[in-house]
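Heads up, the thing below is written out as structure tokens.
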Amino acid sequence: SSDLIGISTYFNSDSTIDISHTAKNESTVKTGGDPYTTPGLSGTDAPASAASKPSTDAVIAPADVSERTDHEKNSAIIPEYEVSDVINEVPVPSDGHATELESVGTSDTEISGGKTTSANFDDYYGLLTAGRWNDNTNWGFFKNLTTNGTLNFPAFGLNPVNRCAVTLTDASGAALSGLSVSAVSSTGETIYQAVTNASGVAYLFVEPASAGTWTVNIADSNGQSMLSDDKNYNFPAASVVPGSQYSSSDFPETLTYSVDTTGKTYSSTQVMFILDTTGSMGDEISYLQGEFGNIYDKVTAGNVSYSWNFYRDEGDDYVTRCNDFTTDIEAIKSVLYAEYASGGGDTPEAVAEILTETMNSTSWKDDSVKIAFLILDAPPHADKEEALIAATKTAAAKGIHIIPVVASSSDRDTELFCRSLAIMTGGDYVFLTDDSGIGDSHLEPIIGDYTVELLSKIIVDIINEYAFK
């Protein structure tokens with residue numbers, strides 16, 4: 001594993017870039033949770049109590065957690081970082097671009113460096129730092145945060161709280177991936193549809209309703225209905241406790257079915273990047289342009305195609321600018337390098353418009369693993385809830401995993417919206433951190449312990465992990 005958890009850069013008075021690093025041991029992690037400090041617990045049922053949050057931390061913890069000592073509970077609140085001496089200095093010409101980034105003796109999970117030339121986008125490689133969190137695999141933690149009112153949904157129309165995790169296996173107990181699972185109402189309406197992941201799990205989200213029931217329908221790898229559960233389930237009840245939307249009825253949080261079929265085998269992987277190019281994203285755009293070549297080189301999954309898509313807002317020189325998938329790296333770079341930050345103005349941007357266009361694109365293939373990185377620092381417009389819900393449902397039904405990457409100067413509403421997107425499409429939530437020293441301040445999400453890594457590494461890891469065959 002890495003000996004570095006972050007890279008920080010700054011210009012000093014004699015026009016050199018100082019590249020310094022912070023060292024960590026194997027167990028050092030960082031704790032999210034601003035404005036509340038969440039204890040360093042990352043287990044599925046870890047409580048969401050907060051050291052600085054008054055009178056709301058009476059969440060019932062599992063025995064193995066509650067028996068931890070005060071020291072153990074609080075030991076991860078202060079990250080155990082040690083700042084090293086500056087380990088390299090790179091001369092900078094008058095145009096501000098580093099002429100050379102020497103290898104700093106780190107492993108390929110940190111910075112690999114390499115010679116670059118002035119004004120080359122590769123000057124920016126490897127400097128952005130980020131964290132990664134998955135609410136679906138930390139569901140007990142997430143549920144506690146919503147139950148005690150720390151997190152409140154819906155966010156821009158998206159409500160990830162009432163989740164039913166459906167697991168499909170064959171007769172031997174092996175996971176069945178790539179099968180379509182639907183929640184269907186008693187009137188025949190499809191409430192939510194999702195595709196099983198590599199673990200054979202599909203996540204269904206069912207809104208509270210005053211009457212009626214719903215059931216589960218399962219389709220085979222060709223999309224043909226093959227099983228309809230003969231048991232009807234109640235809708236979750238509307239909450240009477242602030243922050244809690246869980247029902248006391250028999251709404252099932254987990255269901256498991258053994259199905260006489262085989263899972264889908266994927267022949268390719270499609271990776272889409274959706275980038276906010278408004279004025280506040282200047283630093284992030286430059287560094288992402290510099291890191292893509294490294295990402296492309298380090299993805300080990302076979303038969304991967306990429307698509308870069310951009311958006312701004314109404315009144316700008318464009319609202320959305322979309323491109324098809326391609327494996328031509330030079331064509332991809334040409335499209336990406338031509339972009340720059342401009343426009344925006346007000347805080348919300350055309351998030352609903354770009355998600356509607358990209359999720360409904362006919363370029364997505366049935367036999368591909370589908371990943372969409374949404375890189376942004378601002379939320380959608382508040383009057384676009386219906387479009388956002390529809391785009392999210394479309395993504396889930398197609399099996400598109402949306403991976404939000406939240407940049408600097410974002411707010412809590414943006415965090416909750418992006419976490420909802422990730423949860424409801426089976427994706428991860430990624431967020432930039434201050435460890436790089438690049439851009440404005442980055443909001444600490446309200447999560448458990450996480451590891452700070454280079455953003456390029458996180459993106460590569462996600463592509464390689466999701467691209468199961």
Side-chain angles (χ1 to χ4, degrees), residues 1-2 4 7 101 103 106-114 116 120-132 134 177-178 197-199 264-275 284-285 287-310 323-337 339 358 361 363-365 367-375 395 398-405 422 425-432 451-469:
S1 65
S2 170
L4 305 185
I7 304 294
L101 274 178
S103 171
T106 62
S107 74
D108 60 2
T109 60
E110 305 135 11
I111 268 191
S112 61
T116 62
N120 188 320
F121 282 112
D122 289 343
D123 294 343
Y124 297 107
Y125 157 63
L127 298 179
L128 286 180
T129 55
R132 174 183 178 184
N134 191 303
S177 63
N197 59 23
S199 300
K264 178 177 285 188
T265 299
Y266 294 100
S267 61
S268 63
T269 299
Q270 293 179 291
V271 180
M272 177 178 283
F273 290 89
I274 305 167
L275 178 59
E284 287 81 2
I285 292 171
Y287 287 95
L288 286 166
Q289 287 168 328
E291 292 188 1
F292 179 72
N294 173 66
I295 291 168
Y296 181 91
D297 289 340
K298 293 200 171 186
V299 168
T300 58
N303 197 14
V304 182
S305 58
Y306 297 89
S307 168
W308 274 91
N309 304 268
F310 312 97
N323 298 280
D324 206 349
F325 288 95
T326 180
T327 58
D328 184 342
I329 181 60
E330 296 307 320
I332 297 168
K333 287 182 176 180
S334 177
V335 167
L336 176 58
Y337 291 174
E339 288 298 322
T358 54
S361 170
S363 297
W364 296 107
K365 299 178 180 178
D367 64 346
S368 70
V369 174
K370 305 170 188 67
I371 307 167
F373 292 93
L374 172 64
I375 305 162
K398 289 184 175 182
I400 303 170
H401 305 281
I402 298 179
I403 315 291
V405 181
T425 62
D428 282 73
Y429 175 72
V430 178
F431 49 95
L432 300 189
T451 301
V452 177
E453 301 175 281
L454 293 180
L455 174 61
S456 56
K457 178 182 182 298
I458 289 177
I459 291 175
V460 169
D461 287 347
I462 287 175
I463 295 172
N464 288 334
E465 290 168 16
Y466 280 55
F468 60 91
K469 294 295 184 287

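Side-chain contact between L432 and E284: present, with at least one pair of heavy atoms (C-beta onward) separated by less than 4.5 Å. Contact of the T358 side chain with the M272 side chain is registered, since non-hydrogen atoms from C-beta on lie closer than 4.5 Å. For the pair T326/I332, a side-chain contact is recorded, criterion being any heavy-atom separation below 4.5 Å from C-beta on. I329 has its side chain within reach of F292: a pair of non-hydrogen atoms, C-beta onward, lies under 4.5 Å apart.
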Start with the C-alpha gap between T129 and L454, add the side-chain angles, then the distance that decides, and say whether side-chain contact (heavy atoms from CB on, under 4.5 Å) holds. CA-CA 4 Å; T129 55; L454 293 180; 4.2 Å; yes

Evaluate side-chain contact (heavy atoms from CB on, under 4.5 Å) for F373 paired with I463, printing each intermediate quantity in order. CA-CA 10 Å; F373 292 93; I463 295 172; 3.9 Å; yes

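Here the straight-line distance linking atom NZ of K365 with atom NZ of K370 works out to 10.5 Å at 0.5 Å rounding. Within the model, atoms OG of S334 and CG of D328 stand 9.5 Å from one another, a figure rounded to the nearest 0.5 Å. The CD1 atom of I459 sits 5.5 Å away from atom CD1 of I375, with the distance rounded to the nearest 0.5 Å. Here F325 contributes atom CZ and Q270 contributes atom CD; the two are 4.5 Å apart, rounded to the nearest 0.5 Å. Taking CD1 of I403 as the start and CD1 of I274 as the end, the distance is 11.0 Å to the nearest 0.5 Å. Atoms CG and CD, on L275 and E339 in that order, are 7.5 Å from each other to the nearest 0.5 Å.
Taking the six-membered ring where tryptophan is involved, the planes of W308 and F273 are essentially parallel, since the angle between them stays under 30° and well short of 60°.
Applying the ring-ring contact (aromatic ring centres under 6.0 Å, His included) rule to F310 yields no partners; only residues at least two apart in sequence or on another chain are considered. With sequence neighbours left out, D461 forms a salt bridge (Lys or Arg N to Asp or Glu O under 4.0 Å) with K457. Residues passing the side chain to side chain contact (heavy atoms under 4.5 Å, CB included) test with S361 are S363, W364, sequence neighbours excluded.
The two atoms that bring I462 and D428 nearest to each other are CD1-CB, 4.2 Å, heavy atoms only. The minimum heavy-atom distance linking L336 with Q289 is given by the pair O-NE2, 2.9 Å.
No donor-acceptor pair under 3.5 Å is formed between the side chain of H401 and the backbone N or O of A372.
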Would you give me the side-chain donor-acceptor pairs under 3.5 Å for residues 300-307, sequence neighbours excluded?
{"residue": "T300", "atom": "OG1", "partner": "N464", "partner atom": "OD1", "Å": "3.2"}
{"residue": "T300", "atom": "OG1", "partner": "N464", "partner atom": "ND2", "Å": "3.4"}
{"residue": "N303", "atom": "ND2", "partner": "S267", "partner atom": "O", "Å": "2.9"}
{"residue": "S307", "atom": "OG", "partner": "N309", "partner atom": "ND2", "Å": "2.9"}
{"residue": "S307", "atom": "OG", "partner": "N323", "partner atom": "O", "Å": "2.5"}

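Test I295, L455, V405 against L288 for side-chain contact (heavy atoms from CB on, under 4.5 Å) and you get one pass: L455.
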